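Encoded as structure tokens, the structure appears first; notes follow it.
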Amino acid sequence: MAEIEACILGLRLAIDMNIQELLVIADSDLLVRQVLGEWATKNTKIFPYLHCVQDLIKRFTKIEIKHVPKVQNEFADALATLSSMIQHPDKNYIDPIPIQIRNQLAYCAYVEEEFDGNPWFHNINEYLEI
């Protein structure tokens, strides 16, 4: 999510600067492919972030998003360092993205157990003492 938030911040900064054509260079292949819609995500917390990036992308007349392999990562690191020096008018503030939280908990393997008065690690301590 941090990578997507950084992408959102960069896109908003470019929009605020009235940039019409943009080349986005990212060192996360996962981020690039998810934003381009080539890969799906199962993490529902990321959906609002991806939608936000996709909405921001529509505001450019021309945009290209490229992945930089790890071997060429020095250039991406230099760009990240330079971008961290630029002050956004809102002091690098990213508007919160609402995330829906379910009221009901989900359990993968729920087992009812009677409490025996011992802490959860009691059996482990006995095993280690042997």
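What you are looking at is a predicted structure, and each value in this text was computed from that prediction instead of being measured.
Expressed to the nearest 0.5 Å, how far CD1 of Ile4 lies from NE2 of His51 amounts to 11.0 Å. In this structure, CG in Leu23 is found 5.5 Å from CD in Glu64, a value given to the nearest 0.5 Å. To the nearest 0.5 Å, the span separating CZ on Arg59 from CG on Asn18 amounts to 10.0 Å.
Residues Cys52 and Arg12 share a closest heavy-atom pair of SG-NH2, 3.8 Å.
Between Ile65 and Ile57 there is a side-chain heavy-atom pair separated by less than 4.5 Å. Side-chain contact between Tyr49 and Glu5: present, with at least one pair of heavy atoms (C-beta onward) separated by less than 4.5 Å.
With sequence neighbours excluded, the residues that form a salt bridge (Lys or Arg N to Asp or Glu O under 4.0 Å) with Lys58 are Asp55.
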Sequence neighbours excluded and cut-off under 3.5 Å, please list the side-chain donor-acceptor pairs for residues 30-43, or say none.
residue, atom, partner, partner atom, Å
Arg33, NE, Asp29, OD1, 3.2
Arg33, NE, Asp29, OD2, 3.1
Arg33, NH1, Glu38, OE1, 3.1
Thr41, OG1, Asn43, N, 3.2
Asn43, OD1, Lys45, N, 3.0

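Linking ILVMFWY residues whenever their side-chain heavy atoms come closer than 4.5 Å, directly or via other members, places Val53 and Ile15 in the same cluster.
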For side-chain contact (heavy atoms from CB on, under 4.5 Å), just list the numbers for Val24 and Lys66, CA-CA rounded to whole Å, side-chain angles, deciding distance to a tenth of an Å, and then say yes or no.
CA-CA 6 Å; Val24 178; Lys66 286 188 175 183; over 6 Å; no

